[in-house]
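Chain letters run A, B, ... following the sequence lines, proteins first and then strands; every chain starts at 1.
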Protein chains: 2
Amino acid sequence: MRFVDGYLPYLLARASHLVSGGFHAELHRRGVPVGVWRVLATLADGEPFTVGELAERVLMKQPTLTKLVDRMEADGLVRRREVPGDRRKVRVAITARGRALLEPLLAAARRHEREILAIVAPEEAELLKRTLARLIAALAPAPSAGEMEEDHAEGDDARGKQADAAEGLAQ
Amino acid sequence: MRFVDGYLPYLLARASHLVSGGFHAELHRRGVPVGVWRVLATLADGEPFTVGELAERVLMKQPTLTKLVDRMEADGLVRRREVPGDRRKVRVAITARGRALLEPLLAAARRHEREILAIVAPEEAELLKRTLARLIAALAPAPSAGEMEEDHAEGDDARGKQADAAEGLAQ
DNA sequence: CAAAGATCTATGAAAAAGAATATTTTTATG
DNA sequence: CATAAAAATATTCTTTTTCATAGATCTTTG
């Protein structure tokens, strides 16, 4: 057996690549860049994120995301709003237009996920998700404990959200 | 819970990103681009691959890989050799120089993988790998049944090695 | 409280990736 | 067998990403 075939990082990378591949093809047909999808999906529930937080979540470098947000803002898909307490930060929120673009993509994504999940047994799928979540929790940078303020009054967007609990970070 | 937090493709992508992240930082310190590592690791056991096969395995587009191979060939890390039966194809093989660069990276990669595996229970880790392998097998393009000829006689390279790392690093 | 350091986003130049297509060789077809 | 279609790699041109750093604001501390 070749080295990479048993190497966890490679298995993860390849599985990720293949799993996302099908949906990315779908995005491509619709003319939606992958980054745009990822940003919109992350902002789906209406809670805005700062550029840094968002970059971390969409797995991009901060300058890359800044420029992507520039483009998306120009297209009216998201907008920047200032953060009350801290004028260095900027929060990125989805707009109604962004939501309109996102909606059918979300539906397609759910369909696609179902196809993927059909490949493995249901309990196995559950365990897979849990294990991945554990890896993520153990490796993701700790949210700096001040990230859970609640004050972003929605302007043009309706939404409710649910800032959730502090991360485990045991290990 | 946010949409993406339960969405398998995202869990895979983020876990992959975080898991590889630590090692990529190590590569960066050593001045080795990620693509170079991936190509060398894929060629580690000496078997050469055509550009297309290699691109599929290292998760790059073919033109991207062609250009990476150009650079690596210029650096003497790999070399192209023609394929006997088909003059369209080119096989990319690791060189002694490439192997020399790879060796310590492999050791570091094994160390890193051990750290990661320590996060989850051993049986869980095994199941994780198996599940990922199953997804990959189900989604990867079928090898066209003619890919398994054996004739790559090594020219300038010594073969067979086994740099395995000791290093505890349990946690 | 002023200065130094840290944090956050943006920017600019350089490198890499991507899309489309050219080129060469192989395979299939009438 | 000639020609059309397919396949594999390379190339060109454009867009995106990356690296390094600037600019601005916040935090710490002597």
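Taking atom NZ on A/Lys61 and atom P on D/dA20, their separation rounds to 10 Å, with Å as the unit. Rounded to whole Å, the distance from CG on A/Leu65 to C1' on D/dT16 is 13 Å. If you measure from atom CE of A/Met72 to atom P of D/dT16, you get 13 Å, rounded to the nearest angstrom. With rounding to whole Å, B/Leu27 atom CG is found 15 Å from D/dT18 atom P. Note: CG (B/Leu59) to C1' (C/dG18) measures 16 Å, nearest angstrom. Atom CG of A/Leu68 is separated from atom P of D/dT18 by 12 Å (rounded to the nearest Å). Here C/dT26 presents its C1' atom at 16 Å from CD of B/Glu82, a figure rounded to the nearest Å.
Note on residues 12-25 of chain B: pairs passing salt bridge (Lys or Arg N to Asp or Glu O under 4.0 Å), not counting sequence neighbours, are A/Glu56-B/Arg14.
Each of B/Arg81, B/Arg97, B/Arg80, B/Lys67 was checked for a salt bridge (Lys or Arg N to Asp or Glu O under 4.0 Å) with B/Glu73, and the lone residue meeting it is B/Arg80.
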What does the list of N/O pairs under 3.5 Å between the protein and nucleotides 1-3 of chain C look like, with a distance for each?
none

Could you list the protein-to-nucleotides 4-11 of chain D atom pairs, N/O on both sides, closer than 3.5 Å?
| from | atom 1 | to | atom 2 | distance (Å) |
| --- | --- | --- | --- | --- |
| D/dA7 | O4' | B/Arg88 | NH1 | 3.3 |
| D/dA7 | N3 | B/Arg88 | NH1 | 3.2 |
| D/dT9 | OP1 | B/Val51 | N | 3.1 |
| D/dT9 | OP2 | B/Gly52 | N | 2.9 |
| D/dA10 | OP1 | B/Arg80 | NH1 | 2.9 |
| D/dA10 | OP2 | B/Thr66 | OG1 | 3.1 |
| D/dA10 | OP2 | B/Arg80 | NH1 | 3.0 |
| D/dA10 | N7 | B/Gln62 | NE2 | 2.8 |
| D/dA10 | N6 | B/Gln62 | OE1 | 3.4 |

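The side chain of A/Thr64 places an N or O atom within less than 4.0 Å of a non-bridging phosphate oxygen (OP1 or OP2) of D/dT18. Phosphate contact (OP1/OP2 of C/dA19, side-chain N/O of A/His28, threshold under 4.0 Å): present. For the pair A/Arg87 and D/dA24, the criterion of a side-chain N or O lying under 4.0 Å from OP1 or OP2 is not met.
Residues satisfying the ring pair (Phe, Tyr, Trp, His ring centres under 6.0 Å) criterion with A/Phe49, sequence neighbours excluded, are absent altogether. For A/Glu126, the side chain to side chain contact (heavy atoms under 4.5 Å, CB included) criterion is met by A/Lys129, A/Arg130, not counting sequence neighbours.
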Pair up each side-chain donor or acceptor in residues 27-39 of chain B with any protein partner under 3.5 Å, not counting sequence neighbours, and list the distances.
| from | atom 1 | to | atom 2 | distance (Å) |
| --- | --- | --- | --- | --- |
| B/Arg29 | NH2 | B/Glu26 | OE1 | 3.0 |
| B/Arg30 | NE | B/Glu26 | OE2 | 2.9 |
| B/Arg30 | NH2 | B/Glu26 | OE2 | 2.8 |
| B/Arg38 | NH1 | B/Val58 | O | 2.9 |

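A/Glu113 approaches B/Gly6 most closely through the heavy-atom pair OE2-O, 3.4 Å.
Residues A/Phe23 and A/Leu106 fall within the same hydrophobic cluster, defined by Ile, Leu, Val, Met, Phe, Trp and Tyr side chains chained together at heavy-atom separations under 4.5 Å.
Ion pairing of B/Glu124 with A/Arg134 is present here, as a side-chain N (NZ or NE/NH1/NH2) and a carboxylate O approach within less than 4.0 Å. We find that B/Lys89 and B/Glu82 are not joined by a salt bridge, their nearest charged nitrogen and carboxylate oxygen being 4.0 Å or further apart.
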